[in-house]
Asks: 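There's a structure below that I have some questions on.
Please read all numbers here as calculations on a predicted model, not as lab measurements.
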Amino acid sequence: MGYNDNIINVLRRCFMPPYDEEDGRYDSRFPFTNCALVFAYNGTGKTRLSYDFAHFAREDGTPQHTLYYNAYTEDLFTWDNDLENNTEHRLLINKESSLIQGLAGYSFTEKLRQYYRVFTDIDFDFHYDQDNEEIPNYVTFSKMVKHRVRLNGEITTVDVEVENIKISRGEERLFVWCFFRCILDQVTGDNDAYRNIEYIYIDDPMSSLDDNNVIAFAQQLYSVIRQLRDKEVKDNNEGREFRRIKFVVSSHHALFFHVMIHGLSADKKLGRYYLSRNKQNDRLVLKQMSENTPFYYNVAMMSEIQRAIEEDKLYTFHFTILRSVIEKIKEFFGHQDFSIILEGITYKGETYDRTAFSQDDLTDFYSRVMNVLTHQGSMFTPTLMNDDNKDLAIAIFNRLMEKYQFVLPDLNDFHSEAWIANH
């Protein structure tokens, strides 16, 4: 059995309809999903998992069952930056890739341009070899910029096209994604080159993108997934044969993951998983999220502290977590420092007017506590807090809960890999 085979089996099973024990088959009349979302932090092993998924149970000479979009896909596009003259910037395309060869003979330039314009006003041109005009050899980029010039004695603004520009890393990622979108169109269309594809695995496409493009990217992706599922459900309900295309989407980006979940909220069978690495045996662990699993960083961290308080297991590093949450609140509201967030805090359950503190003194006291104790705990060498520090941490936690009304679901509200495998 391969390194990630258990996890791959779990992911593939989530697409299956309920199993009828009497008939010994899966009942396709029941609702099904065509997507599994996997959240995992960077360095967990998402890219390796996507590669293993694409090669799972595939013998030599058998058709490819999975197309993946990941770091390997992006490596099919490389820059020739014309280092000698710095004038001809070309993004070379690896035409030998089977992924790209499937586009041979199909016109997709305008469709790609339509997809790309969602993200940027940069334009592009494909360039072909003279003896092969089926697949482009490389692509160049251009952009219209405004220049002020003197025309008939007056200063006016004109649009000038700047050619052979070097685009940013984010713009390059978006171009490669839009190129892949054109391949998706062929997979779901009538292109025989992709007729054996069952799965689309999209791994961590968010690097180098700002939040606006992250949202636009997610909307574009979940629209494709949603449209395909709607068609599959309709065909299934009306008794027509249909081809199922299943998506696995993994990412470390919380905003992207959150938008994807909401975009696919109508899919009640949507697979939602958390992927982590067991540091003791260096193996990947897959856990299934429920609808109540907290996702945003602040909510998850506050849930973690709440659980630590309830179990009387507050460690010194929890001050660092509290500080991180406070810093994010501060940045969100545009405050210069976080003392304003602590205003109204109590000391041992008493407000400032019932203690020797003034209101400013009490706020300043807790600000100093945060600054000092934040640097005294390490997650790698955890140390339990003493009773006095527990009281301080709980007071800060309670103030944040009271002031910002966090809704904290149970952080344990997920299923283990063993539970998923048995259900």
Side-chain angles (χ1 to χ4, degrees), residues 4 7-17 28 31-40 46-58 63-74 99 102 115 173 176-189 191 194-206 214-236 242-253 255-275 286 288-289 420:
N4 287 321
I7 289 176
I8 294 170
N9 274 316
V10 170
L11 290 173
R12 288 167 68 111
R13 275 199 298 273
C14 88
F15 300 113
M16 295 180 181
S28 60
F32 54 82
T33 185
N34 68 335
C35 185
L37 300 176
V38 180
F39 182 86
K46 298 187 302 299
T47 302
R48 169 65 186 273
L49 178 60
S50 66
Y51 180 86
D52 289 348
F53 190 101
H55 294 83
F56 178 76
R58 184 183 169 200
Q64 185 176 356
H65 56 65
T66 300
L67 284 184
Y68 53 69
Y69 176 90
N70 57 14
Y72 295 103
T73 312
E74 292 168 350
L99 174 70
Y115 293 146
R173 289 280 179 89
V176 175
W177 160 249
C178 293
F179 196 101
F180 187 80
R181 270 295 310 272
C182 293
I183 295 174
L184 277 185
D185 292 341
Q186 300 298 322
V187 173
T188 59
N191 190 333
Y194 304 106
R195 67 181 181 276
N196 294 309
I197 297 300
E198 299 178 53
Y199 299 93
I200 307 294
Y201 199 123
I202 298 173
D203 171 53
D204 228 359
M206 291 297 99
V214 165
I215 294 172
F217 188 110
Q219 289 175 329
Q220 200 175 94
L221 177 55
Y222 74 61
S223 294
V224 174
I225 296 172
R226 195 162 61 187
Q227 289 168 10
L228 283 175
R229 180 179 176 275
D230 289 345
K231 182 179 182 303
E232 291 168 1
V233 170
K234 182 178 180 181
D235 289 344
N236 182 59
F242 60 96
R243 174 190 174 200
R244 292 191 63 196
I245 303 293
K246 285 90 73 176
F247 290 80
V248 180
V249 182
S250 58
S251 178
H252 75 285
H253 199 290
L255 175 60
F256 170 76
F257 200 90
H258 187 79
V259 175
M260 289 294 297
I261 285 176
H262 281 272
L264 299 172
S265 59
D267 180 359
K268 301 305 180 184
K269 298 293 184 178
L270 176 68
R272 304 196 303 178
Y273 300 93
Y274 176 73
L275 184 70
L286 188 72
Q288 187 176 43
M289 298 179 181
I420 301 169

Asks: Val259 and Ala218: which non-hydrogen atoms are nearest, and at how many Å?
Replies: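 Scanning both residues completely, I find the closest heavy atoms to be CG1-CB, 3.6 Å.
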Asks: Can you list the residues that meet the ring pair (Phe, Tyr, Trp, His ring centres under 6.0 Å) rule with His65, with sequence neighbours excluded?
Replies: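 Listed in chain order: nothing, the list is empty.
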Asks: So how far is it from Lys246 NZ to Phe32 CZ, rounded to the nearest 0.5 Å?
Replies: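 It comes to 10.0 Å.
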Asks: Distance check, rounded to the nearest 0.5 Å: Phe257 atom CZ versus Ser251 atom OG?
Replies: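 Atom-to-atom, Phe257:CZ and Ser251:OG are 8.0 Å apart.
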Asks: Quick one: closest heavy-atom pair of Asn4 and Arg48, and the distance?
Replies: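 Closest approach of Asn4 to Arg48: ND2-CG, 3.9 Å.
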Asks: Keeping Arg229 on the side-chain end and Leu264 on the backbone end, is there a donor-acceptor pair under 3.5 Å?
Replies: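 Checking the backbone N and O of Leu264 against the side chain of Arg229, no donor-acceptor pair under 3.5 Å is found.
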Asks: Kindly compute the distance separating CG (Leu49) from OH (Tyr68), expressed to the nearest 0.5 Å.
Replies: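 Taking CG in Leu49 and OH in Tyr68, the distance rounds to 12.5 Å.
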Asks: Return the orientation label for the Tyr199 and Phe53 ring planes: parallel under 30°, perpendicular over 60°, tilted otherwise.
Replies: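 Ring orientation of Tyr199 relative to Phe53: perpendicular.
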Asks: Please give me the minimum heavy-atom distance between Ser250 and Asp203, naming the atom from each residue.
Replies: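 Shortest heavy-atom separation between Ser250 and Asp203 comes out as OG-OD1, 2.8 Å.
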Asks: Shortest non-hydrogen contact from Phe15 to Arg244?
Replies: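 So the minimum-distance heavy-atom pair works out to O-NH1, 2.8 Å.
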Asks: Report the C-alpha separation of Lys231 and Lys234 in whole Å, then their side-chain angles, then the decisive distance to 0.1 Å, and conclude whether the side chain to side chain contact (heavy atoms under 4.5 Å, CB included) test is met.
Replies: CA-CA 5 Å; Lys231 182 179 182 303; Lys234 182 178 180 181; 5.8 Å; no
Asks: Show your reasoning for whether side chain to side chain contact (heavy atoms under 4.5 Å, CB included) applies to Val224 and Ile200.
Replies: CA-CA 12 Å; Val224 174; Ile200 307 294; over 6 Å; no
Asks: Carefully, step by step, assess Phe256 and Val249 under the rule side chain to side chain contact (heavy atoms under 4.5 Å, CB included).
Replies: CA-CA 10 Å; Phe256 170 76; Val249 182; 3.8 Å; yes
Asks: To the closest 0.5 Å, what do you measure between CD1 (Ile183) and OH (Tyr194)?
Replies: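 Those atoms lie 4.5 Å apart.
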Asks: To the nearest 0.5 Å, what is the distance between CD (Glu74) and CG (Asp204)?
Replies: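 Reported to 0.5 Å precision, the distance equals 9.0 Å.
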Asks: Can you establish whether the number of heavy atoms outside Tyr51 located under 6.0 Å from its atom OH is more than 12?
Replies: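 Counting other residues, nucleotides and ligands, OH of Tyr51 stays at 12 neighbours or fewer.
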Asks: Given Asn34, which of Ile225, Ile245, Leu270, Asp230 fulfils the side-chain contact (heavy atoms from CB on, under 4.5 Å) condition?
Replies: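 Of the listed options, the one satisfying the test is Ile225.
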Asks: Report the C-alpha distance between Tyr273 and Val10 in whole Å, list the side-chain angles of each, state the deciding distance to 0.1 Å, and finish with yes or no for side chain to side chain contact (heavy atoms under 4.5 Å, CB included).
Replies: CA-CA 10 Å; Tyr273 300 93; Val10 170; 4.3 Å; yes
Asks: Which atoms form the tightest heavy-atom contact between Arg243 and Glu232, and what is the distance?
Replies: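 Shortest heavy-atom contact: O-OE2, 3.7 Å.
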Asks: For a quick check under 3.5 Å, do Thr47 and Asn70 share a side-chain donor-acceptor pair by atom type?
Replies: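 Absent: no donor and acceptor within the cut-off.
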Asks: Show the nearest heavy-atom pair for residues Leu275 and Ala40, with the distance to one decimal.
Replies: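 Heavy atoms of Leu275 and Ala40 come nearest at O-CB, 3.3 Å.
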Asks: Given the ring of Phe217, does Arg173 sit roughly above its face, with NZ or CZ under 6.0 Å from the centre of the six-membered ring and within 45° of the axis?
Replies: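 Checked: cation-pi criterion not met.
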Asks: Distance check, rounded to the nearest 0.5 Å: Leu99 atom CG versus Tyr69 atom OH?
Replies: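 It is 11.0 Å, given to the nearest 0.5 Å.
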